[in-house]
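On a predicted model such as this, the values are computed, not experimentally measured, just so you know.
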Amino acid sequence: MSDEPDRTRRQHFHDLLRSLPVWDTELPHFDPASAPADPLPLFQQWLIEAAEAGTPEPHTMTLATADATGRPSVRTLMLHDADEHGWHFATHRTSRKGRELAERPEAALGFYWAAVGRQVRIQGTVTAAGAAESRADLARRSTGALAAALVGRQSEVLASYEELERASDAAWERARREPDAPVGSWTLYVLEAQEVEFFQGDARRRHVRLNYRRRPPAEGGWTTELLWP
């Protein structure tokens, strides 16, 4: 059998990758000298500006965790908040990411906003919030989010899609009937950043990378440094 269709498909894929535009719009200027002493206000400002520039779902982020052996895994989920305590997200503690965080309570977050050519990378330690805070987090979310949480069993093997449909229908009915229905495994997590890097893309590839590193507790605050792109 000829492998011509496979060669054609591979060539089309490679040609497509090379043809895709990168930052074919005017990008904002970022002066690192004007950055605040703390990374949180700059992060909040950048997310707001990404939303105003039309970035779809600017609050989505990648979360990287690792298991006990150091094997990494990554997925996309939503940021629930960012405040003086850290960056907040939630999941079932029984999910893969929940189990990995229990084994190794460290993680990295990544945000990418193509409309403004910016990304933020965050690394730090993760703490699970208490039951009351986790319930309050779920209560603030949509009916669909509650229904998905009620389905549960995240990351487990699914026997058939029909099984998911039945469980989802039942969960939606309960979520509408009980908007405060408890989900025992739902857990709010807070990442306390130890390092935060802000990247501003430049069409001439003279990217600006500003890195914040948390000082030792006895000193407090942050130190900043520029990185070569």
Side-chain angles (χ1 to χ4, degrees), residues 32 34-52 55 57-67 72-113 118-142 145-146 148-149 154 180 182-199 209-225:
S34 65
D38 187 298
L40 179 62
L42 182 57
F43 173 82
Q44 293 171 334
Q45 175 188 339
W46 274 27
L47 192 147
I48 291 170
E49 291 176 355
E52 292 173 345
T55 300
E57 300 180 355
H59 59 319
T60 56
M61 61 186 185
T62 55
L63 166 69
T65 56
D67 64 16
S73 60
V74 66
R75 73 287 290 166
T76 301
L77 68 167
M78 288 184 181
L79 176 72
H80 288 199
D81 199 359
D83 58 19
E84 67 276 11
H85 302 294
W87 279 254
H88 302 229
F89 60 94
T91 188
H92 295 279
R93 64 174 176 270
T94 52
S95 68
R96 178 174 178 175
K97 51 188 173 294
R99 296 193 305 269
E100 290 180 346
L101 288 170
E103 294 174 331
R104 299 170 68 106
E106 297 179 88
L109 304 177
F111 294 83
Y112 177 57
W113 302 307
R118 288 173 172 172
Q119 63 175 307
V120 179
R121 300 193 305 154
I122 306 166
Q123 179 273 328
T125 56
V126 179
T127 303
E133 291 177 272
S134 297
R135 284 196 301 270
D137 172 78
L138 186 56
R140 289 190 291 267
R141 304 196 68 203
S142 66
L146 174 58
Q154 191 176 66
D180 57 350
V183 181
S185 61
W186 188 257
T187 304
L188 176 68
Y189 293 93
V190 182
L191 184 148
E192 181 184 16
Q194 299 301 315
E195 194 165 339
V196 184
E197 181 195 323
F198 294 85
F199 173 103
R209 295 177 63 189
L210 176 65
N211 193 52
Y212 287 78
R213 287 187 291 110
R214 190 182 292 275
R215 295 193 183 103
E219 299 178 23
W222 299 81
T223 183
T224 59
E225 59 201 357

Heavy atoms of Leu77 and Ala90 approach each other most closely as CD1-O, 4.2 Å
Heavy-atom closest pair (Ala107 atom, Val126 atom, distance to 0.1 Å) is CB-CG2, 3.7 Å
CZ of Arg121 to CZ of Phe199, rounded to nearest 0.5 Å, is 10.0 Å
NZ (Lys97) and CG (Leu101) are apart, to the nearest 0.5 Å, by 9.0 Å
To the nearest 0.5 Å, atom CZ of Phe198 lies from atom CZ of Phe111 at 10.0 Å
Here the gap from Tyr212 atom OH to Glu195 atom CD, rounded to the nearest 0.5 Å, amounts to 13.0 Å
Under 3.5 Å side-chain donor-acceptor pair for Ser73 and Glu100:
yes
Verify side-chain contact (heavy atoms from CB on, under 4.5 Å) between His80 and Asp137, making sure each step is shown before the conclusion.
CA-CA 8 Å; His80 288 199; Asp137 172 78; 2.7 Å; yes
Less than 3.5 Å apart, any donor N or O on the side chain of Asp81 or Trp87 sitting next to an acceptor on the other? no
Problem - Thr55 side-chain N/O to Ala51 backbone N/O, donor-acceptor pair under 3.5 Å - result: no
Check: Do any N or O atoms from the side chain of Ser142 and from the backbone of Ala145 form a donor-acceptor pair under 3.5 angstrom?
Finding: yes
Shortest non-hydrogen pair, Thr187 vs Ala129, comes out as CG2-O, 4.4 Å
Verdict with reasoning, Thr65 to Arg75, per side-chain contact (heavy atoms from CB on, under 4.5 Å): CA-CA 9 Å; Thr65 56; Arg75 73 287 290 166; 3.0 Å; yes
- Task: Indicate yes or no: at least one non-hydrogen side-chain atom of Leu146 is less than 4.5 angstrom from one of Val183.
- Result: yes
Using the six-membered ring of Trp46, assess whether NZ or CZ of Arg118 lies under 6.0 Å from its centre and within 45 degrees of the ring axis.
yes
Taken in chain and number order and not counting sequence neighbours, the residues that satisfy side-chain hydrogen bond (donor to acceptor under 3.5 Å, both in side chains) with Arg93 are none
- request: Would you please classify the geometry between the His88 ring and the His85 ring as parallel, tilted or perpendicular, with 30° and 60° separating the classes?
  value: perpendicular
Heavy-atom check, side chain of Gln154 versus side chain of Arg96, under 4.5 Å:
no
Query raised in the report: Under the side-chain contact (heavy atoms from CB on, under 4.5 Å) criterion, do Thr91 and Leu63 qualify, and how do the steps go?
Result: CA-CA 11 Å; Thr91 188; Leu63 166 69; over 6 Å; no
Start with the C-alpha distance between Met78 and Met61, add both sets of side-chain angles, then the distance that settles side-chain contact (heavy atoms from CB on, under 4.5 Å), and finish with yes or no.
CA-CA 6 Å; Met78 288 184 181; Met61 61 186 185; over 6 Å; no
Review point. Any side-chain heavy-atom pair from Leu47 and Gln44 closer than 4.5 angstrom?
Key: no
Note: Ala149 and Trp186 closest approach over all heavy atoms is CB-CE3, 3.9 Å
- Can you tell me if Arg135 uses its side chain to pair, donor with acceptor, with the backbone of Pro182 under 3.5 Å? no
In terms of heavy-atom contacts, Ala82 and Phe43 come closest through CB-CE2, 4.0 Å
Value for CG (Leu109) from CG (Leu79), rounded to nearest 0.5 Å, stands at 8.0 Å
For Pro58, is there any backbone N or O sitting under 3.5 Å from a side-chain donor or acceptor partner on Trp113?
yes
Minimal heavy-atom distance between Ala148 and His92, with the atoms involved, is O-NE2, 4.3 Å
- Item | Donor on one side chain, acceptor on other, Asn211 and Glu225, under 3.5 Å | yes
Item checked: Flag side-chain contact, heavy atom, 4.5 Å: Ser185 against Thr94 -> yes
d(Gln123 CD, Arg213 CZ) to nearest 0.5 Å is 12.0 Å
